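Scope of the values below: all heavy atoms of this structure, side chains included, with no hydrogens, waters or symmetry mates. Chain A is the first sequence line, chain B the second, and so forth, proteins listed ahead of strands; every chain is numbered from 1. The model shown is predicted, which means the values in this text are computed figures rather than measured ones.
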Amino acid sequence: MQYSQLCKVYEELEQNSSRLKKTEILADFLKKLKKEKDQEIIYLLQGKTFPDYSEKEFGISEKLCIKALTKASGTSDKEIIERWRKIGDIGKVAEQIMGRKKQNTLFSHKLTAKKVLDNLKKLPELEGKGTIERKLALISELLTSASGTEAKYIIRTLLGDLRVGTGEGTIRDSIRDACFETSSEEDTSKKSLNVMDSENKKQITETIQDAYDKSTDWKLVFEQACKGLSALKSTELTPGKPVKVMLFPKEDSFEDGFSRVGKPALIDYKYDGFRMMINKNNNQIKVFTRRLDDVSKQFPEVKEYVKKYIKGESFILDTEAVGYDPETKKYRPFQEISQRIKRKYDIDKMARELPIEINVFDIIYYNNKSLIKTPFKERRKIIEKIIEKHPYKIRPSEAIITESVEKAENFYKKAIEDGEEGVMMKNLEAPYKPGSRVGYGIKIKPSENDFDLVIIEAEYGTGKRAGWLSSYTVACRKDNKFLEIGKVSTGLKEKTEGLTFKELTKKLKPLITKEHGRTVEVKPKLVVTVVYQNIQKSPKYSSGFALRFPRITRLRPDRKAGDVATLEEVKKEVERKS
DNA sequence: CGTGTCTGCCCC
DNA sequence: ATTCTGC
DNA sequence: GCAGAATGGGCAGACACG
């Protein structure tokens, strides 16, 4: 298969925003892959080279892509960055400059999809001295034999940002349409196992989704779909192989929460830790993060607790790990346990200094049986039955079941007093939906504070925000000086009514005093209100603090730079919360 | 050897 | 993480 | 209502360079 054929599909997908149309385009292409037995290419369709649970990484991003482009084209860094500033897409920059090159040099090499896949797959294998040089060589080898369009998609694939709009749902539906024929209404005589009518079309879609939920690997699902329905159905959840976690959208009130998840609901604490999927298969115990990274080594205590305090031969648990101070037993902010997640050295020392408590809130597999479709209330019962509760080690999450808004609010107050982030509300009858926000559950967090701050720097955006100044460095005040307290770039509107990026860009441009690359310095004049969830210590900003989850809610034309929050006020807030 | 820069479908 | 937007 | 895109802070590790 020629890489250009694949790029043609990318282009078509990019040009058509309708999901039905995308499905049609993809299904046609998948049929070709099916015929050529080239199912691995399905990874490239989502801009990947490995399944989601793979640990492999390119180790390539913006800076190195720019370097590779410089190497392959001879164009200067400066010009590339300038073009990037203007059009907001390094892929498109590559298209321009590699395309331009090709007009002069007659090139006859045809890039195959396999060649691209091969070179990309080599990237994660390289390590040690000279790695970067060798990676750049592999990339520029591809770029030099690529057309403009091909260069664009090679770069976007490296950046992990294909931007053609092929999410899981589209891939799933395309596999369905590529592997199962739709029966025409006139032709009812043609009955075969692989023929869909509108009734079983839905079921087939579900079967494919289910196979993916259990394997987290589109190549495998595609291969099985090619064999037929029964092959798909044979996919089983396997403890030891990671599964995507269920996600929960935010809701503002318990009334809204109940109307979403039904009554009664289970309400449990939302801990400020990190997601941990614990897998046990006989004596093998593995721990995965939300993005399916294996962190078993980083958290040796998990093995111990699981062996000692949980009954069962095999299981998959969904949990939240929170750090605490071993002496005072006080819970510690996320910032601190985050030190343990990617650690390779001093693991045991950190485990002693910053132990974790595992709060188990769901179970999706138990003793050789998938519980994905078992109602949540049953799953919760199993959790309570099999876990021997040991606070500061492992325990079921703190929870109540209620249909009363008042009881819910009291429970929430208790959660906040205990220093937790808020609560979750969950539908008692719901199945577990891996990787989905359709999560039959929601989260509720406290209302937030804000500061009025002044913009002192801004950066040009990328993708759909290209051409606008769309990210702003904001500052508080100390005497007559302005001290950075973070960056903010969300809350503004792209198109609809309200404060838009366009408007802010227009107001900032006359204030520009200096430009370097994609950032500009501006006179401290524009004041905005910034809402945040927390204040953290910052090693990066001159105020020594940074805002956690900042967003802009409004412009304050009535305020001057001298009116913004002072460092003293920021410090007071930090103390008030601790 | 220390420091700076870059990267991560990172974690939140 | 949060937010906005197109479907 | 959902998925996807574009962004936030901070962390450890890996490599380049002086």
Below 4.0 angstrom from OP1 or OP2 of B/dC10, is there any side-chain N or O of A/Thr289? no
What nucleotide, of B/dT7, B/dC12, C/dT2, holds the atom closest to the side chain of A/Phe274? B/dC12
What interatomic distance, in whole Å, is found between P of C/dT3 and the corresponding atom of B/dC6? 30 Å
Using the ring of A/Phe248 (Phe, Tyr or Trp, six-membered ring only), decide whether A/Lys443 places NZ or CZ under 6.0 Å from its centre and within 45 degrees of its axis. no
Think A/Gln339 has a side-chain N or O under 4.0 angstrom from the OP1 or OP2 of D/dA12? yes
A/Arg554 backbone acceptor or donor facing A/Arg556 side chain under 3.5 Å: no
At 4.0 Å (heavy atoms only), tell me whether A/Lys443 reaches a base, stays on the sugar-phosphate, or touches nothing. sugar-phosphate
Protein heavy-atom contacts under 4.0 Å, written 5' to 3' over nucleotides 5-10 of chain D as B (base), S (sugar-phosphate only) or - (none), form the string SSSBSS
Check whether any side-chain N or O of A/Thr166 sits under 3.5 Å from a backbone N or O of A/Leu45 as a donor-acceptor pair, and report yes or no. yes
Distance-only, no hydrogens or angles: does the A/Thr519 side chain make a donor-acceptor pair with backbone N or O of A/His516 under 3.5 Å? yes
When you check the phosphate oxygens OP1 and OP2 of C/dA1, does a side-chain N or O of A/Lys445 lie under 4.0 Å from one of them? no
Could you work out which one of B/dC12, B/dG8, B/dC11 sits closest to the side chain of A/Ile341? B/dC11
Take atom CG of A/Leu247 and atom P of D/dC2, then tell me their distance rounded to the nearest Å. 12 Å
Using a heavy-atom cut-off of under 4.0 Å over every strand shown, decide if A/Ile60 touches base, sugar-phosphate, or nothing. sugar-phosphate
A/Ile337 near the nucleic acid: base, sugar-phosphate alone, or nothing, with a heavy-atom cut-off under 4.0 Å? nothing
Regarding A/Arg576 and A/Glu569, does a basic nitrogen lie under 4.0 Å from an acidic carboxylate oxygen? no
Whether A/Arg551 contacts C/dT3 is assessed here as follows: a side-chain N or O lying under 4.0 Å from the phosphate OP1 or OP2. Is that the case? yes
In whole Å, I'd like the distance from the NZ atom of A/Lys433 to the C1' atom of D/dG1. 13 Å
Is a side-chain N or O of A/Thr289 found less than 3.5 angstrom from the main chain of A/Val295, in a donor-acceptor match? no
Whole Å only: how far is the CZ atom of A/Arg290 from the P atom of B/dG8? 18 Å
What does B/dC11 pair with, Watson-Crick or G-U, if both distances are under 3.5 Å? D/dG9
In whole Å, I'd like the distance from the OH atom of A/Tyr532 to the C1' atom of C/dT3. 19 Å
Test: A/Glu62 and A/Arg518 ion pair at under 4.0 Å: no
Using a 4.0 Å heavy-atom cut-off, does A/Asp293 contact any base of the nucleic acid, only the sugar-phosphate backbone, or nothing at all? sugar-phosphate
Mind checking if A/Arg340 touches a base, just sugar-phosphate, or nothing, with heavy atoms under 4.0 Å? nothing
Could you tell me whether A/Lys270 contacts a base, only the sugar-phosphate backbone, or nothing, with contacts defined as non-hydrogen atoms closer than 4.0 Å? sugar-phosphate
How would you label the contact of A/Arg134 with the nucleic acid (heavy atoms, under 4.0 Å): base, sugar-phosphate, or nothing? nothing
To the nearest Å, give me how far apart NZ (A/Lys493) and P (C/dT3) are. 10 Å
According to the interplanar angle, ranging from 0 to 90°, do the rings of A/Phe254 and A/Tyr412 count as parallel (below 30°), tilted (30 to 60°) or perpendicular (above 60°)? perpendicular
Any ion pair linking A/Asp210 and A/Lys214 (charged N to carboxylate O, less than 4.0 Å)? yes
For A/Phe248 and D/dC2, give me the distance from atom CZ to atom P, rounded to whole Å. 13 Å
Got a salt bridge between A/Arg465 and A/Glu494, using NZ or NE/NH1/NH2 to carboxylate O under 4.0 Å? yes
A correct 5'-to-3' footprint of nucleotides 13-18 of chain D, with B, S and - meaning base, sugar-phosphate only and no protein heavy atom under 4.0 Å, is SSSS--
Any Lys/Arg nitrogen of A/Glu95 or A/Arg156 sitting under 4.0 Å from an Asp/Glu carboxylate oxygen of the other? no
Whole-Å distance separating the CD atom of A/Glu448 from the P atom of C/dT3: 7 Å
With a 3.5 Å limit on both atom pairs, tell me what D/dG1 is paired to, counting Watson-Crick and G-U wobble, or say none. C/dC7
Any base atoms under 4.0 Å from A/Leu292, or only sugar-phosphate, or nothing? Heavy atoms, all strands. nothing
Categorize A/Lys21 for me: base, sugar-phosphate, or nothing, with a 4.0 angstrom heavy-atom threshold over every strand shown. nothing
Provide, to the nearest angstrom, the distance between the CE atom belonging to A/Met424 and the P atom belonging to B/dC12. 12 Å
